[in-house]
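Order of the sequence lines fixes the chain letters, A, B, ..., with proteins taken first and strands second; residue numbering starts at 1 for each chain. Computed from a predicted model, the values in this text were never measured in an experiment.
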Amino acid sequence: MTTPASTGNTVISEELRSFIHLESVPVTYDIECHAVERFAAAIGDPNPLYSDREASEATSHGGLIAPPTFFRSLLPGKYPKTYPEPFAHILDGGSKYRFNEPVRIGDKITVVRKITDLFEKHGRMGTMLFKISEISYTNEAGRLVATQTTTTITYGTGEKDSGVGDN
Amino acid sequence: MAITNSAVGTQILFFEDINIGDQLPEIVKNPDTRQLVMYAGASQDFVAIHYDLNVAKEAGHPTVIIHGALKSAWLGELVTSWMGVDGRLLELDVSYRAIDFPNSTATCVGKVLDARTEHGVGIVELEIGLRNSEGIISTPGRALVSLPIREIV
């Protein structure tokens, strides 16, 4: 069971709150076929649209594309200041993707992340901080190809897990 | 499903060929720790709980845990392999309700919740989920796809 956080005792400091709507430094990735092939192999997806150039060219896509969750590998850049993560452990709560068009090999995709909400809950694992982030993926023509809205949960004290604070 | 190309995975699924309540062909995954390491490298997700047994045990787990995003990738495959080469994935929502472990079976399941036409294409809403070895849907989700409508000649 979780209960709403009391207003008097919060981990969401003014400093943390100042990150809401702050944009990460944009990072641009060249989408290249080997990275896409490696990603498709890692998730175990044999779809020829990700690796068989000839087969993909014969389809309405006209060439190779990336799997929908390939966006996960296009890491956002850092925020202009250091995010003061109060907790040590991290859980991924989920993702909501909105796709406008598939990513093609040869695209240049610019990634920007911003936190849209921070809230806390108290439960079995103590206080948990929920962070809602929206990540935008824009191609070289300036078209927004997709967004990913993520829920990240951090909790607990002690030595920080590797990767905590990265996102 | 109409087969218009002999290559595997390049079939076309038309809106007229689906019905509300249809089940998607299930996809079964048997992940091992090797796949988690491959996914960590391919996705640049180096959170240690996915490959370091000590970190996973300190967090109270019997072994390392599967990346949530790997489970969402499998649910993406469930939908994209079903929708055919002219289908377009519009939305994919996944929620990680329970932790899953490697060396177990994960089955991706889905069914058609709604189907309608908009602006000359079919819009299909799917309920999707990952069912673990215990029969629990650990990762529920939904997807929205567009499908081509057959030309009326």
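With a 4.5 Å cut-off on non-hydrogen atoms, A:L75 touches chain B through its side chain but not through its backbone. Using a 4.5 Å cut-off between heavy atoms, B:K29 contacts chain A through its side chain alone, with no backbone atom that close. For B:R97, no part lies near chain A; criterion is any non-hydrogen pair under 4.5 Å.
Between chain B and the residues A:A40, A:A35, A:A41, A:G44, the most heavy-atom pairs under 4.5 angstrom are made by A:G44. Per-residue heavy-atom pair counts under 4.5 Å with chain A were compared for B:G68, B:A40, B:A73, and the maximum is reached by B:A73.
Looking at A:H61 and B:R88, their side chains come closer than 4.5 Å, going by heavy atoms from C-beta outward. A heavy-atom distance below 4.5 Å is not found between the side chains of B:S72 and A:R72. Taking 4.5 Å as the limit, some side-chain heavy atom of A:T69 sits within range of a side-chain heavy atom of B:L92.
Listed for the B:E91 side chain is no donor-acceptor partner under 3.5 Å among the backbone atoms of A:F99.
Atom OG in A:S73 sits 11.0 Å away from atom CG in B:D45 (nearest 0.5 Å). In this structure, CH2 on B:W74 lies 10.0 Å from CD1 on A:I43, to the nearest 0.5 angstrom. Residue B:T80 holds its OG1 atom at 5.5 Å from CG of A:D45, rounded to the nearest 0.5 Å.
Scanning both residues, A:A42 and B:L70, for their nearest heavy atoms gives O-CD1, 4.3 Å.
Comment: A:R98 engages B:D93 in a salt bridge, judged by a side-chain N to carboxylate O separation of less than 4.0 angstrom.
In this structure, B:R34 places its CZ atom where only 12 or fewer heavy-atom neighbours from other residues, nucleotides or ligands lie under 6.0 Å away.
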